[in-house]
**Student:** 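Quick one: this structure, given as structure tokens, is what I'll be asking you about.
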Amino acid sequence: MNRVLIVGASAGGLITAEALRRAGYRGALTLVGDEPHPPYDRPPLSKQILTGEWEPGRLPLRRDDDIEALGLDLRLGVAATGLDVAGRAVELADGARVPYDGLVVATGVRSRRLPGSEGVTGIHTLRTLDDALTLKDRLRPGRRLVIVGAGFVGAEVAAVARGLGVAVTMLEAGPVPMAQAVGEQAGRFLAQVHRDHGVDLRTGAAVREVVGAGGAVSGVRLGDGTVLPADDVLVAIGSVPNTGWLEGSGLPLADGLVCDEFSAAAPGVYGAGDVARWHNPLFGTAMRLEHRTNAAEQGMAVARNLLSPEARRPFAPVPYFWSDQYDMKIQAYGHLRGHDEAVVVDGDIAQRRFLLAYRTDERLTGVLSVGMPPKTLRAWRAMIAAGAAWAHAVSTAAARP
Amino acid sequence: MKVIVDEAKCCGAGQCVLIAPEVFDQRDEDGIVVLLEPEPAEDRHSAVREAAAVCPGAAIQLAEGS
């Protein structure tokens, strides 16, 4: 292994590169990213950057000299356009062809858009630093923001915008926001919190189109014909994996790059971060996570497996995510999607301080906390990692003082 | 090795405590990082580097070689 190529220069790609060097890899290491910025942190985009609390200068994931010390062939502002698996080379938008012995696909995701929204002033998505700075400039007291989609990005922006005095309407297609991600109880709780902060949250809302005049947005037309006037519209309806450059390569693609339990998609080809759909043996299911922590953990696992093909280890993490909304910190461990039951095992939802445990079949598969001391989650995380039986986990919790 | 933590960047995930519990802890009330050993012994360097790498807030900086 003398030439490793990492495509994608965000958290997953950078951390893979660092882990390779820490493990003693001294060969050529190329890191390619389509954004012009050095690797930066995305979670603050919908939080501290949007509030103005942080300047963009705080976002780089590493200091310049730390990046320098990695000895990278760093190619920023250039996208990958194609992959030749048999010839072991990646084609770049600038015409370069980069050969490799080992390839890491870490191209992440992009925001899903509404048709007809390209180039219309006032229609936003939020994925990149440039997106965040554009939106930040538009959030001023008294302006009207319509957020299409009440997932975590939409909800975090709603919280920031309310704090800045913006009138916010948030539209959710389903009956309960975030229900798929965190279940109905937590979703109903979050819906109430947003309403209490003055968000006009409309569930069961179908968006027919964005309306505008003279190249600027003026509102959103709903399925029933109602037009909600807006100065700005944030489209936050999920993400699409950046796998266009892999089409025709023969690598398996299905809402992401399909990887096995080692995070491998083909011999010498691995996936890391938001783009990778891999088999997590801890939960016995394929998953693709858009969580900052997973990008780091998967990057480290990929580096290890790439360098030690004879001693590969399955990537079997307990997923973790957090979200900041108003004065609340939401933290979750495990695989909450597709759960059968969620039960409050500590605290009280009415007090906005609680811990929910999630059951899938007869196992504890996740926990979510709001307003609880973060340390209390550790014992739960350990039980999830150990595959604890639901009955055991819940009775253990009940026995705690 | 010297360890520097940025409390303002810390998001309270506690990943560092899972990886290097001798070096990092969390405040009880809000989970913000507490640095137990600013100059950890050599046998802990590998775990500390891993904790710094995986920190979701990029809140752990290392000054190596000292």
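A, B, ... follow the sequence lines: proteins, then strands. Residue 1 opens every chain.
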**Student:** Pick one of side chain, backbone, both or neither for B/Asp30, based on which atoms fall under 4.5 Å of a heavy atom in chain A.
**Tutor:**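 Only the backbone of B/Asp30 comes within 4.5 Å of chain A.
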
**Student:** Would A/Trp278 and A/Phe315 count as a close aromatic pair, with their ring centres under 6.0 Å?
**Tutor:**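 Under 6.0 Å, so yes.
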
**Student:** Could you tell me whether A/Glu68 atom CD has more than 12 heavy atoms of other residues or ligands within 6.0 Å of it?
**Tutor:**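 Counting neighbours around CD of A/Glu68, 12 or fewer heavy atoms of other residues, nucleotides or ligands fall under 6.0 Å, so no.
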
**Student:** Over 60° means perpendicular and under 30° means parallel, so classify the ring planes of A/Trp322 and A/Tyr320, tilted if in between.
**Tutor:**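 The arrangement is parallel - the two ring planes meet at less than 30°.
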
**Student:** Tell me, side chain or backbone of A/Gln331 under 4.5 Å from chain B's heavy atoms, or both, or neither?
**Tutor:**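 Only the side chain of A/Gln331 comes within 4.5 Å of chain B.
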
**Student:** Is it the side chain or the backbone of B/Glu29 that comes within 4.5 Å of chain A heavy atoms, both, or neither?
**Tutor:** backbone

**Student:** Is B/Ala52 close to chain A through its backbone or its side chain, or both, or neither, when contacts mean heavy atoms under 4.5 Å?
**Tutor:** backbone

**Student:** Under a 3.5 Å distance rule, please check whether A/Asn305 uses its side chain to pair with a backbone N or O of A/Phe262 as donor and acceptor.
**Tutor:**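 Judged by distance alone, yes, a pair lies under 3.5 Å.
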
**Student:** Looking at chain B, which one of A/Met372, A/Glu18, A/Glu297 has the largest number of heavy-atom pairs inside 4.5 Å, strictly under?
**Tutor:** A/Glu297

**Student:** Where on A/Lys47 is there a heavy atom nearer than 4.5 Å to chain B: the side chain, the backbone, both, or neither?
**Tutor:** neither

**Student:** Report yes or no: is the cationic atom of A/Arg42 (NZ for Lys, CZ for Arg) under 6.0 Å from the centre of the six-membered ring of A/Tyr40, at an angle within 45° of the ring normal?
**Tutor:** yes

**Student:** Check whether the ring centres of A/Phe152 and A/Phe321 lie less than 6.0 Å apart, and answer yes or no.
**Tutor:**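 Close enough - the centres of the two rings lie under 6.0 Å apart.
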
**Student:** Has A/Asp64 got more than 12 heavy atoms of other residues, nucleotides or ligands less than 6.0 Å from its CG?
**Tutor:**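 No, not enclosed.
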
**Student:** Is A/Leu61 in contact with chain B via its backbone, its side chain, both, or neither, using a 4.5 Å heavy-atom distance?
**Tutor:**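 Both parts, backbone and side chain.
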
**Student:** Look at B/Cys11, B/Gly14, B/Ser46, B/Cys55 and state which one has the largest set of heavy-atom pairs under 4.5 Å with chain A.
**Tutor:**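 Going by pairs under 4.5 Å, I would pick B/Cys11.
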
**Student:** Just checking, any donor-acceptor pair under 3.5 angstrom between side chains of A/Thr293 and B/Gln15?
**Tutor:**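 There is no such pair (donor and acceptor under 3.5 Å, judged by atom type) between the side chains of A/Thr293 and B/Gln15.
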
**Student:** Tell me, side chain or backbone of A/Asp324 under 4.5 Å from chain B's heavy atoms, or both, or neither?
**Tutor:** neither

**Student:** With a 4.5 angstrom heavy-atom cut-off, which part of A/Pro60 approaches chain B: side chain, backbone, both or neither?
**Tutor:**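 For A/Pro60, the contact with chain B is made by the backbone alone.
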
**Student:** As an exercise: rank B/Gly12, B/Ala13, B/Gly31 by heavy-atom pairs under 4.5 Å with chain A and give me the winner.
**Tutor:**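 Heavy-atom pair counts peak at B/Ala13.
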
**Student:** Please tell me whether A/Ser263 and A/Gln298 have a donor and an acceptor in their side chains that are separated by less than 3.5 angstrom.
**Tutor:** yes

**Student:** Look at atom CZ of A/Arg313 and say whether more than 12 heavy atoms of other residues, nucleotides or ligands are closer to it than 6.0 Å.
**Tutor:**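 Not more than 12 within 6.0 Å, no.
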
**Student:** Of the listed residues (A/Ala296, A/Pro374, A/Pro44), which shares the most heavy-atom pairs with chain B below a 4.5 Å separation?
**Tutor:**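 Ranked by contacts with chain B, first place is A/Pro374.
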
**Student:** Highest number of heavy-atom pairs under 4.5 Å with chain B: which of A/Arg63, A/His291, A/Lys375, A/Arg22?
**Tutor:**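 Most pairs with chain B among the choices: A/Lys375.
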
**Student:** Select one option (side chain, backbone, both, neither) describing which atoms of A/Arg378 are under 4.5 Å from chain B's heavy atoms.
**Tutor:** side chain

**Student:** Between B/Leu62 and chain A, with a heavy-atom cut-off of 4.5 Å, which part of the residue counts as in contact: side chain, backbone, both or neither?
**Tutor:**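 Just the backbone, heavy atoms under 4.5 Å.
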
**Student:** B/Glu50 versus chain A, heavy atoms under 4.5 Å apart: side chain, backbone, both or neither?
**Tutor:**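 Both the backbone and the side chain of B/Glu50 come within 4.5 Å of chain A.
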
